[in-house]
A.B. asks: 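Supplied in structure tokens, the structure appears directly below.
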Amino acid sequence: MLDRKFILQNLPAVKQNCLDRGVSCELDRLVELEQQRKAADTEAQEFNRQANEVAKSIGAVKDPEQRAAVVEQGRSLRSHKDAAQRKVDELEVEIIAIQRTIPNMAHPAAPRGADDLANCEVARGKHAPRTFDFPVKDHLQLGSEKGWIDFEGGARTTGQGFYFLAGELVLLDLAIQQMAIEYLMQRGFIPTITPDLARADILEGIGFMPRGPETQVYSVEQTDLCLIGTAEITLGGLYAGQTLEAESLPLRLCGISHCYRTEAGAAGRASRGLYRVHQFTKVEMFVFCLPEQSDALHEELRDIECELFDLLEIPYRVVDTATGDLGGPAYRKYDLEAWMPGRGQQGEWGEVTSTSNCTDYQSRRLNVRYKEKDVKGTHFVHTLNGTAFALSRALIAVLENHQQADGSVQIPAALQPYLRRTKIG
RNA sequence: GGAGAGAUGGCAGAGUGGUCUAUUGCACCGGCUUGCUAAGCCGGAGUGGGGUUUUCCUCACCGCAGGUUCGAAUCCUGUUCUCUCCGCCA
């Protein structure tokens, strides 16, 4: 959510940003409603001030008749105030509804464009795509041959899009998680395991829309809880309503959680096997920081993602996401796309991580502030998030890139200490 | 899951419907006084919104959310967290 004053003072820039992002917002309506709200608010405040004055004076009035008259006056002022306040509240609801639809401003260097076609490749990983001297299998073939991935079993217990991981692939999954956590701890991240559910208002604060027909979010009946689609939600919500000390920033957290996505409207999209599933495990990074730190930290998160995939010896490219593809909260976003030899006809790039600088967009909604010692006032922190590993897609990349002619999979050196094997299968 | 007790400013801690502003102490900041130190005296100090424009004014905030009342830290309802006890469980 953008600051309301900022919107009013920078209306042309905000409008242009909506155009860049392909979002239509009722900005003129917001301006008009805000004017009305301010007028009603001033009125309500004035009635309230008078009513307070009268109420304070009543204690001193001893004569019963006079007292009754003053009480009546107070009652009347209070009801005028209530009427004006109701108007304020109604307008406020309408304004907030519009305000929440306005996307974050975009980084000046973010590519302008309507969709992912405008995304801009900015870097490549250390490792180039392999040339295979045998027929390449995709992860599903490898997985079903070795009994590692069972979608039929997942469908029987749970439904389409769910799966069991089995056998040595479980060890690979856990090894990747451990490697990531160990690496992140050395980089100053506090490791956590977060709840897999969160309240709907936290999801909304992070920028998800938990209700509605298009929602990507599973809700739990008869509660206000939702299954999280990423630990960004729980990590970002961790300090909702809190004021952090400036010296404690930047605060780097990482968290393991399960992630649940309905993938509404995704049916039919190219998404074989583990690529698009309803549940997966993720190691997520999240940072709370001072405004002047967020650009540099965004580069840091991107570097970490690159290094982690370099450690897995997987080819990837880094993409600077175009304005039309940023979503609501991001100011700038980088995606890593790993080479997946089994995807499409002769291999394709597939998104494996994403890191966003959300500036103060989430912290304003969640009310996460910071305070500097000996300085009056508080400000909103900046928040950033980034994927260390989405295990489902990381597994695709490892299996397909490191497969051998016999269907076994070579384990990259960096994972071997955690897996205690040089290959699986 | 059940019963009880509690939550007040950076900290401690008073405040059971109105008396000028949430008492007081510690810590903090400024000033004054004192031959050092210690102490003393005076004053200031939180967060958020609105107005005014450099000086203030005003409103809201006593875990959170509602309610009663002309008026709520105080009364009522719900809720969260903490502590004690009981039950259950991994």
Side-chain angles (χ1 to χ4, degrees), chain A residues 1-9 30-96 98-100 193-205 220 222-226 233-234 237-249 258 288 290-291 360-382:
Chain A
M1 184 163 66
L2 293 179
D3 177 49
R4 200 174 297 176
K5 260 190 236 160
F6 176 88
I7 296 168
L8 296 173
Q9 286 165 6
L30 182 142
V31 172
E32 184 191 325
L33 292 172
E34 176 63 7
Q35 276 167 1
Q36 292 175 25
R37 189 196 66 83
K38 271 193 177 166
D41 189 54
T42 305
E43 195 187 9
Q45 294 271 352
E46 180 57 20
F47 279 126
N48 192 40
R49 195 189 58 75
Q50 288 178 26
N52 280 347
E53 216 168 83
V54 168
K56 246 183 253 178
S57 73
I58 285 177
V61 178
K62 298 299 178 215
D63 176 66
E65 223 167 277
Q66 265 181 38
R67 195 184 174 96
V70 180
V71 165
E72 184 45 48
Q73 194 195 354
R75 208 195 310 263
S76 153
L77 282 166
R78 198 61 70 176
S79 81
H80 279 93
K81 178 238 155 186
D82 287 343
Q85 188 61 49
R86 260 195 302 282
K87 200 168 150 197
V88 174
D89 293 343
E90 284 164 18
L91 288 163
E92 178 66 20
V93 168
E94 224 178 313
I95 293 164
I96 282 281
I98 297 173
Q99 199 178 347
R100 295 176 78 94
I193 296 175
T194 88
D196 288 342
L197 294 89
R199 281 203 306 274
D201 58 296
I202 298 291
L203 273 83
E204 282 164 15
V220 180
Q222 292 171 344
T223 71
D224 62 348
L225 292 175
C226 305
I233 293 164
T234 39
L238 183 57
Y239 294 111
Q242 307 288 301
T243 301
L244 305 171
E245 286 171 28
E247 308 97 89
S248 70
L249 302 176
H258 294 117
F288 297 92
L290 301 175
D360 59 0
Y361 193 87
Q362 295 176 326
S363 63
R364 184 169 291 107
R365 289 181 173 216
L366 290 167
N367 193 25
V368 185
R369 298 163 171 274
Y370 70 90
K371 165 115 181 70
E372 286 172 278
K373 219 172 163 61
D374 301 325
V375 176
K376 204 172 154 71
T378 57
H379 299 96
F380 293 113
V381 301
H382 278 197

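Throughout, a chain's letter reflects where its sequence line sits, starting with A, and its residues are numbered from 1. All of these numbers come straight from a predicted model, not from anything done at the bench.
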A.B. asks: Please give the distance between the P atoms of B/rA72 and B/rA60 as a whole number of Å.
C.D. replies: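 The answer is 9 Å between these two P atoms.
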A.B. asks: Taking the C1' atom of each, how far is B/rA38 from B/rC20, in whole Å?
C.D. replies: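 My reading of the C1' atoms in B/rA38 and B/rC20 gives 36 Å.
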A.B. asks: Could you please name the partner base of B/rA73, counting Watson-Crick and G-U wobble pairs only when both distances are under 3.5 Å?
C.D. replies: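 In the structure as shown, B/rA73 has no Watson-Crick or wobble partner.
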A.B. asks: Can you measure A/E72 atom CD to B/rG71 atom P for me and round it to whole angstrom units?
C.D. replies: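 To the nearest whole Å, that distance equals 12 Å.
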A.B. asks: Kindly give the heavy-atom pair with the smallest separation between A/L290 and A/A246, and that separation in Å.
C.D. replies: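 Reported closest heavy-atom pair: CD2-CB, 4.2 Å.
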A.B. asks: Rounding to an integer number of angstrom, what distance separates B/rU21 and B/rG15 when you compare their C1' atoms?
C.D. replies: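 Taking atom C1' in both B/rU21 and B/rG15, they lie 15 Å apart.
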A.B. asks: Using the C1' atom as the point on both nucleotides, what is the distance between B/rA5 and B/rC11, in whole Å?
C.D. replies: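 Those two atoms are separated by 22 Å.
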A.B. asks: Using Watson-Crick or G-U wobble geometry with both distances under 3.5 Å, which nucleotide pairs with B/rA7?
C.D. replies: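 Pair assignment: B/rA7 / B/rU80.
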A.B. asks: Just how far, in rounded Å, is P of B/rG48 from CZ of A/F380?
C.D. replies: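 Atom CZ in A/F380 sits about 9 Å away from atom P in B/rG48.
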A.B. asks: Has A/N52 got a side-chain N or O lying under 4.0 Å from the OP1 or OP2 atom of B/rA60?
C.D. replies: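 The answer is yes; a side-chain N or O of A/N52 sits under 4.0 Å from OP1 or OP2.
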A.B. asks: Whole angstroms only, please: what is the CD-C1' distance between A/E92 and B/rG50?
C.D. replies: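 The distance from CD of A/E92 to C1' of B/rG50 comes to 13 Å, rounded to the nearest Å.
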A.B. asks: Across all strands shown, which nucleotide pairs with B/rU21 by Watson-Crick or G-U wobble geometry, both distances under 3.5 Å?
C.D. replies: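 The base-pairing partner of B/rU21, which may sit in any strand shown, does not exist here.
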A.B. asks: Across all strands shown, which nucleotide pairs with B/rC62 by Watson-Crick or G-U wobble geometry, both distances under 3.5 Å?
C.D. replies: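 For B/rC62, the partner nucleotide comes out as none, under the 3.5 Å rule.
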A.B. asks: Look at the side chain of A/R369 against the base of B/rG48 and say whether a donor-acceptor pair falls under 3.5 Å; ignore hydrogens and angles.
C.D. replies: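 It does not, because no donor-acceptor pair links the side chain of A/R369 to the base of B/rG48 below 3.5 Å.
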A.B. asks: When the P atoms of B/rA7 and B/rU74 are compared, how many Å lie between them, rounded to an integer?
C.D. replies: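 The same atom, P, in both gives a distance of 12 Å.
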A.B. asks: How many Å lie between CZ on A/R67 and P on B/rU69, as a whole number?
C.D. replies: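 In whole Å, B/rU69 P lies 16 Å from A/R67 CZ.
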A.B. asks: In whole angstrom, give me the gap between the C1' atoms of B/rG63 and B/rG9.
C.D. replies: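 The same atom, C1', in both gives a distance of 14 Å.
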A.B. asks: Show the numbers, then the answer: is there a salt bridge (charged side-chain N to carboxylate O under 4.0 Å, His left out) between A/D3 and A/K5?
C.D. replies: CA-CA 6 Å; A/D3 177 49; A/K5 260 190 236 160; over 6 Å; no
A.B. asks: Rounding to the closest angstrom, what is the interatomic distance between B/rG13 and B/rG18 at atom C1'?
C.D. replies: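 Per the computed distance, 24 Å lies between those C1' atoms.
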A.B. asks: Within the structure provided, determine whether A/L30 and A/L8 are in side-chain contact (heavy-atom separation under 4.5 Å).
C.D. replies: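 Sidechains of A/L8 and A/L30: in contact.
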A.B. asks: My understanding is that only one of A/E92, A/E94, A/E43 makes a salt bridge (Lys or Arg N to Asp or Glu O under 4.0 Å) with A/R37; could you say which?
C.D. replies: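 So the option named by the test is A/E92.
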A.B. asks: Report yes if a side-chain nitrogen or oxygen of A/T378 is closer than 4.0 Å to either non-bridging phosphate oxygen (OP1 or OP2) of B/rG48; otherwise report no.
C.D. replies: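 A/T378 to B/rG48 OP1/OP2: side-chain N or O found under 4.0 Å.
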A.B. asks: Within the 4.0 Å heavy-atom criterion, would you say A/K5 contacts the bases, only the backbone, or no part of the nucleic acid?
C.D. replies: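 Touches sugar-phosphate only.
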A.B. asks: Take A/T42 and A/A55, find for each the nucleotide of RNA chain B with the closest heavy atom, and name the residue whose nucleotide sits nearer the 5' end.
C.D. replies: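 Its nearest nucleotide being more 5', the pick is A/A55.
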A.B. asks: I'd like to check A/L249 versus A/E372 (side-chain heavy atoms, cut-off strictly below 4.5 Å). Are they in contact?
C.D. replies: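 A side-chain contact is absent here, since even the closest heavy-atom pair is not under 4.5 Å.
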A.B. asks: Applying the Watson-Crick and G-U wobble criteria at under 3.5 Å, what pairs with B/rG1? Answer none if nothing qualifies.
C.D. replies: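 Across any shown strand, B/rG1 pairs with B/rC86.
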A.B. asks: Rounded to the Å, how far apart are A/N48 CG and B/rC57 C1'?
C.D. replies: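 For the pair A/N48 CG and B/rC57 C1', the rounded distance is 15 Å.
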A.B. asks: What is the ring orientation for A/Y239 with A/F288, classed by angle as parallel under 30°, tilted 30 to 60°, or perpendicular over 60°?
C.D. replies: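 Correct class here is perpendicular.
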A.B. asks: Across all strands shown, which nucleotide pairs with B/rU55 by Watson-Crick or G-U wobble geometry, both distances under 3.5 Å?
C.D. replies: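 None - no nucleotide pairs with B/rU55, as no candidate has both distances under 3.5 Å.
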A.B. asks: Is it true that A/E90 and A/R86 have a side-chain N and a carboxylate O under 4.0 angstrom from each other?
C.D. replies: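 Result for this pair is no, no salt bridge flagged.
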A.B. asks: Rounded off to whole Å, could you give me the CG-to-P distance for the A/D201 and B/rA65 pair?
C.D. replies: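 Distance, rounded to whole Å: 13 Å.
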A.B. asks: Paired with B/rC41 by Watson-Crick or G-U wobble geometry, both distances under 3.5 Å: which nucleotide is it?
C.D. replies: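 Looking at the geometry, B/rC41 pairs with B/rG31.
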A.B. asks: Taking atom P in both B/rU55 and B/rU69, what distance in whole Å separates the two?
C.D. replies: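 Straight-line distance between the two P atoms is 45 Å.
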A.B. asks: Reading RNA chain B from 5' onward, which residue's closest nucleotide shows up sooner: A/S76 or A/K38?
C.D. replies: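 With A/S76 and A/K38 compared, the 5'-side residue is A/K38.
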A.B. asks: What is the separation between atom CD on A/E53 and atom C1' on B/rU19, rounded to the nearest whole Å?
C.D. replies: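 In whole Å, B/rU19 C1' lies 17 Å from A/E53 CD.
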A.B. asks: A/R75 has a side chain; which of B/rU47, B/rG50, B/rU69 sits nearest to it?
C.D. replies: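 In terms of side-chain proximity for A/R75, the closest of B/rU47, B/rG50, B/rU69 is B/rU69.
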A.B. asks: B/rU79 P sits how many Å from A/R199 CZ, rounded?
C.D. replies: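 Rounded to the whole Å, the gap is 14 Å.
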